[in-house]
Structure formats: structure tokens, C-alpha cells
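A short write-up of the structure that comes next.
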Amino acid sequence: SPSLLTTEDKLQVLLPNEASDEGRPPYNQPSGGKAGSFIARTAGLPFDVTVNACDKFWNIRDTIAPIVKVWTTDRYDTEPGTKTLTSGTTTFNVTLKTGATYYNGILYSGASHYFYAYTTPQSPVALTTGTANNVYTRPNTAHHLQIVMPGELPEPGYGKYYSPGPLTAGVTIQVIVNLVDQYENLTSTVPDVGMPTVRIWTTDTHDSAPSPAEQPAAPTGMEKPITLGSGNATFYICMVTANDPPLNAANWSIYAKDTD
């Protein structure tokens with residue numbers, strides 16, 4: 001009977017600008033059974049993903065009604081709940097939030113994610129998990145400046161991990177300033193405007209990064225304004241006023257401001 005399931009029945013994931021192309025090889029790769037080219041997404045903008053129940057040759061199985069959930073490798077995304085496929089198909093609305101990548105100590109603009117569609121334990125039928133690979137997501141528009149202190153790590157889609165370590169009076173440190181979107185993704189381009197020029201200062205009145213009014217007289221190499229190049233720049237500051245307990249980011253504040 002054509003309605004009988006086989007161990008080769010599976011779920012298919014179609015992204016925006018992709019369409020079902022039943023019978024199209026390859027049959028053992030997620031690139032089969034579809035036509036069209038996936039269009040890159042923007043962090044924070046929702047879009048629909050289509051999930052189909054298919055046989056081995058990517059023909060849609062419209063006589064079964066599996067219960068399905070989608071999952072992505074973006075840990076900060078917004079995923080919908082489970083759905084029951086109707087006539088072998090349904091759509092899920094998904095919002096990806098991570099549009100940058102922190103790898104090996106370097107922050108990059110843009111991120112790739114994987115999509116998975118799977119049948120839940122409550123589903124009346126179990127199908128092989130469907131996948132979609134390398135879903136590129138770019139950052140949204142520039143929103144604010146992010147300061148990364150020693151001891152902190154940027155976490156695109158979320159903000160930062162860990163806390164600044166204690167500082168020592170008179171020791172120069174590196175402070176990284178990133179231009180990020182509202183989801184804390186590095187934004188490496190600002191169309192029609194260009195990258196901002198940034199100046200930083202602290203509440204330590206004796207540091208080497210004076211208040212904005214005093215900064216034109218700052219020492220060479222200390223906090224003169226810097227244009228953020230590809231979305232970030234490194235500043236050097238030296239805090240000199242110590243507190244008890246030892247000087248740390250909870251005692252003094254560091255600010256970054258667009259001078260344009």
C-alpha cells in the first residue's frame with residue numbers, strides 16, 4: 001500500500017526561497033528534493049520554515065500527520081512550539097538572534113546556523129530528522145557600543161560572559177569597543193553613514209583616558225578618538241586611583257561614545 005511507512009521516510013526542511021521539487025536527487029542529502037537558493041537572514045527578523053513529510057525520493061507523504069518540532073543551533077533564537085503536519089506539510093515561524101561569531105579570540109560579523117526538524121515522542125509516526133545546513137545570518141543595523149574588559153568574552157546574540165578581573169593601579173590594559181546591533185552582534189558595515197569615531201573615558205579622574213572635554217590633550221597612543229574600522233577598535237587605558245578592595249570595574253566606570 002502506498003500509505004505504508006518505511007524506514008526511509010523522512011522530514012524535509014525548506015527555507016525561504018526554496019521550494020519542494022519531488023523526486024530530485026540526491027536522496028541522502030538535505031540538498032535533494034528542493035529547488036531555489038536560500039536567502040541569508042537578518043538577526044531579529046522572523047521568517048517561515050516549511051517542513052514536509054517525505055518518502056525516500058522526497059515525495060510528500062500527505063496521508064500521515066506526524067507531530068514535529070524545529071530546533072536551531074542558535075542558542076538565543078525564538079522557536080515555535082510543536083505542530084502537527086496537515087497533508088504532509090506545515091510552516092514554523094523562527095527568529096534567529098545570533099548574527100556574529102566569536103572564534104579563537106576574534107569577533108566576526110555574520111554566523112551560520114543549522115536547522116533540524118524532528119518528530120516528538122508523542123508523534124503517531126516517527127520520521128528521520130530533517131536538516132538544513134549553513135543558514136547564514138547577518139547582524140541587524142548598528143544599535144550601540146559594547147565595551148569588552150579584560151576577563152570578559154563577547155557572546156553574540158546575548159552580550160558578554162564572565163566579569164572583569166581586578167585591575168592594578170598604574171598598569172595599562174586593553175579595552176575593546178565593538179559596534180553591535182540590538183542583539184549584541186558585531187556590525188562591520190554602516191551603509192550611507194560609515195563607521196563611527198569613538199572616544200572612551202573613565203570616572204577615575206587621574207587616569208590616562210580623561211573626560212571628553214580633556215581628551216584632545218591625551219598622551220599620544222592614549223585615548224585619542226579612533227574610527228572603528230571593521231566594527232571594533234582597541235583602546236589602552238591606565239587607571240591610577242586604587243580602592244580598597246582592589247580597583248575593579250565595580251568601583252570605576254568606563255564609557256565609550258560616538259564623537260560624530
Side-chain angles (χ1 to χ4, degrees), residues 8-62 64-101 103 108-120 127-143 156-157 180-192 231:
E8 296 176 324
D9 287 321
K10 54 198 174 184
L11 292 172
Q12 177 189 54
V13 179
L14 298 178
L15 301 170
N17 206 49
E18 293 182 332
S20 172
D21 190 357
E22 295 175 290
R24 181 175 183 171
Y27 305 121
N28 59 349
Q29 298 292 330
S31 58
K34 63 179 70 173
S37 299
F38 167 71
I39 299 174
R41 310 316 302 170
T42 299
L45 300 185
F47 59 96
D48 286 336
V49 173
T50 299
V51 175
N52 296 324
C54 297
D55 67 10
K56 174 182 178 179
F57 303 104
W58 301 114
N59 300 301
I60 295 177
R61 298 294 307 272
D62 58 6
I64 57 176
I67 301 173
V68 173
K69 184 170 176 55
V70 296
W71 175 80
T72 86
T73 53
D74 182 352
R75 69 180 71 182
Y76 304 111
D77 67 357
T78 301
E79 297 173 2
T82 59
K83 279 190 173 183
T84 300
L85 273 59
T86 302
S87 298
T89 187
T90 194
T91 59
F92 294 86
N93 191 261
V94 179
T95 303
L96 298 174
K97 302 288 181 61
T98 303
T101 305
Y103 177 73
Y108 301 91
S109 182
S112 292
H113 302 291
Y114 286 75
F115 272 72
Y116 300 91
Y118 60 94
T119 50
T120 69
L127 304 178
T128 300
T129 297
T131 63
N133 301 339
N134 296 322
V135 181
Y136 183 78
T137 305
R138 53 181 169 248
N140 210 309
T141 56
H143 185 264
V180 296
D181 65 11
Q182 67 189 90
Y183 306 103
E184 310 293 339
N185 299 304
L186 177 69
T187 304
S188 60
T189 59
V190 184
D192 304 323

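Everything quoted here is computed from the prediction, not taken from an experiment.
The heavy-atom pair separating I64 from A53 by the smallest distance is CD1-CB, 3.9 Å. Of all the heavy atoms in D9 and R61, the pair that sits closest is OD2-NH1, 3.0 Å. Y136 and F38 get closest at one heavy-atom pair: N-CE2, 3.7 Å. Contact between K34 and R24 at its shortest, heavy atoms only, is O-NH1, 3.3 Å. S20 and L14 get closest at one heavy-atom pair: N-CD1, 3.5 Å. Between A117 and V68, the shortest heavy-atom distance links the atoms CB-CG1, 4.2 Å.
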Side chain to side chain contact (heavy atoms under 4.5 Å, CB included) evaluation trace for I60 with W58: CA-CA 6 Å; I60 295 177; W58 301 114; over 6 Å; no
Audit row: I67, T84, side chain to side chain contact (heavy atoms under 4.5 Å, CB included) steps and yes/no: CA-CA 4 Å; I67 301 173; T84 300; 3.6 Å; yes
Residues L45, N140; criterion side chain to side chain contact (heavy atoms under 4.5 Å, CB included); working and verdict: CA-CA 8 Å; L45 300 185; N140 210 309; 4.3 Å; yes
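Distance check, rounded to the nearest 0.5 Å: CG of N134 to CG of L15 gives 11.0 Å. How far NZ of K69 is from OH of Y118: 5.5 Å, rounded to the nearest 0.5 Å. Here the OG1 atom belonging to T131 is positioned 10.0 Å from the NZ atom belonging to K10, to the nearest 0.5 angstrom. In this structure, CZ in F92 is found 6.0 Å from NZ in K83, a value given to the nearest 0.5 Å. To the nearest 0.5 Å, atoms CG (N133) and OH (Y114) are separated by 5.0 Å. From L127, atom CG reaches atom CG of L11 across 4.5 Å, with rounding to the nearest 0.5 Å.
Residues P80 and V70 are in side-chain contact: their nearest non-hydrogen atoms beyond the backbone lie under 4.5 Å apart.
Each of D181, T187, T42 was compared with R138 under the side-chain contact (heavy atoms from CB on, under 4.5 Å) criterion, and only T42 meets it.
Distance alone, capped at 3.5 Å, places no donor-acceptor pair between the T73 side chain and the H113 backbone.
T137 and R41 share no donor-acceptor pair across their side chains, judged by distance under 3.5 Å alone. For T89 and N52, the side-chain atoms include at least one donor-acceptor pair closer than 3.5 Å.
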Distance-only donor-acceptor pairs under 3.5 Å for side chains of residues 93-101, two or more places apart:
unit_1	atom_1	unit_2	atom_2	d
N93	ND2	D48	OD1	2.9
K97	NZ	T78	OG1	3.2
T98	OG1	D74	OD1	2.7
T101	OG1	G110	O	2.8

